[in-house]
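See structure below.
For ligands, and for the atoms within them, numbers begin at 1 and follow the listed sequence. Because the structure is predicted, anything quoted here is derived from the model rather than measured.
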Amino acid sequence: MKRKVRCGNMYIGGDAPVSIQSMLTVDTSDVVAAIRQIEELKDAGCDVVRLAVPSMEAADAFGKIKRETVLRHGEKAMPLVADIHFDYRLALASIENGADKIRINPGNIGEISHVKAIADAAKERGIPIRVGINSGSLEKDILKKYGKVTAEGLSESAIRNARLLEDMDFQDIVVSIKSSDVCMNFDAHKILDAKTDYPLHIGITEAGMGESGVIKSAVGIGALLLAGIGNTIRVSLTGDPVKEILCAKEILESVGLRNSGINIISCPTCGRAKVNLEKIVLELSEKLKEVKAQRVKEGQPRISIAVMGCIVNGPGEAKEADIGVACGDGKGAIFSKGEIIKTVSEDAISDELLRIIVEME
Ligand code: SF4
């Protein structure tokens with residue numbers, strides 16, 4: 001089991017559940033915009049959020065943002081992570097201004113005494129440091145040793161930089177290795193996981209946008225989680241970070257690490273379907289948004305709803321699910337706990353399923 005590290009009001013590693021992280025896309029110095037995005041991420045289900053701190057102005061704004069989120073949410077305020085590159089003074093200012101965690105790549109902080117200053121300040125405040133290694137920032141000697149960026153090189157760099165902090169008597173370390181190459185990312189984590197007990201922050205960096213980014217992230221993060229690797233996850237997508245949270249939640253649900261909400265199972269349809277199944281599923285998904293969020297909030301067990309286009313696989317899937325519909329010509333047989341309870345017209349299917357789900361609560 002990995003070490004357990006406290007980050008604000010939650011833990012990473014040990015027996016803590018796998019958490020979801022994201023990063024603000026707005027300028028940290030724009031306090032109003034930053035707080036708005038933090039609220040959106042929190043509402044979407046984000047557990048930890050990272051803010052870029054590229055200047056002293058941003059470090060000051062970080063303090064204002066931290067104070068405002070604590071004012072709004074008290075102990076439930078989402079932990080804020082300061083993302084620092086190059087200038088150790090920005091890390092010290094962020095720690096002073098209430099950062100719950102610092103993310104650095106010790107290699108680009110420069111002098112050892114500067115890294116030590118960050119470690120000492122973080123230790124005094126009792127906050128962890130994430131050592132973040134990216135394939136684009138491997139040390140020259142490691143690149144020379146392996147000839148190019150490799151899984152071995154990435155894991156060696158991560159271990160080297162984490163041990164640097166340990167040698168400074170700092171133990172609250174989270175490690176991340178990020179590569180945009182899904183296979184290399186997987187191999188590097190396998191090596192790192194076998195060699196260390198640091199909690200691991202996993203993700204596919206620069207995954208891109210749209211379906212391609214979602215699929216790369218799902219495969220890269222999902223494969224690691226199924227191998228038992230990863231304590232906190234970040235889906236990195238170009239665009240609105242709220243999408244990252246929705247994708248991260250789906251990944252965790254798909255690998256059985258979150259067991260709440262609602263799972264819609266729907267067939268792809270084929271020439272046998274005699275209803276507009278896509279319209280029914282879209283309507284149902286939209287109508288269920290609030291109910292799903294409420295179930296997640298209340299920690300209610302996940303329920304599955306099967307929406308099937310015809311009688312070939314429909315009755316079987318619908319029976320297996322908690323609730324289901326097996327469609328016929330312009331109508332659907334509604335199943336609850338394996339039994340047909342009624343048949344309704346195509347237009348009434350989504351409302352009828354919604355009504356049953358709400359009554360189940
Ligand atoms: Fe086609 Fe029916 Fe299977 Fe849906 S359930 S894919 S409509 S055979």
*asked:* Filter on ring pair (Phe, Tyr, Trp, His ring centres under 6.0 Å), then keep only pairs touching residues 163-206, sequence neighbours left out; what's left?
replied: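 Listed by first then second residue: nothing to list.
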*Carboxylate-amine/guanidinium proximity below 4.0 Å for K42 and E39*: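 Answer for the salt bridge query: no.
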_Presence of salt bridge, D169 and K123, under 4.0 angstrom_ =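 Answer for the salt bridge query: yes.
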*Sequence-distant partners of D120, side chain to side chain donor-acceptor pair (under 3.5 Å), two or more places apart*: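 Counting only residues at least two positions away or on another chain, D120 forms a side chain to side chain donor-acceptor pair (under 3.5 Å) with K116.
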Distance-only criterion, 3.5 Å: show the donor-acceptor pairs between side-chain atoms of residues 84-95 and protein atoms not counting sequence neighbours.
unit_1	atom_1	unit_2	atom_2	d
H85	ND1	N108	ND2	2.9
H85	NE2	R103	NH1	3.0
D87	OD1	R89	N	2.9
D87	OD1	R89	NE	3.0
D87	OD2	R89	NH2	3.1
S94	OG	L90	O	2.7

*asked:* Give me the atom names and distance for the closest heavy-atom approach of T196 to K2.
replied: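 Scanning both residues, the minimum pair turns out to be O-NZ, 2.7 Å.
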*Could you pull out the N/O/S protein atoms under 2.8 Å of atom 1 (Fe) of ligand 1, ignoring any water?*
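Short answer, with waters excluded from the count: C270 SG.
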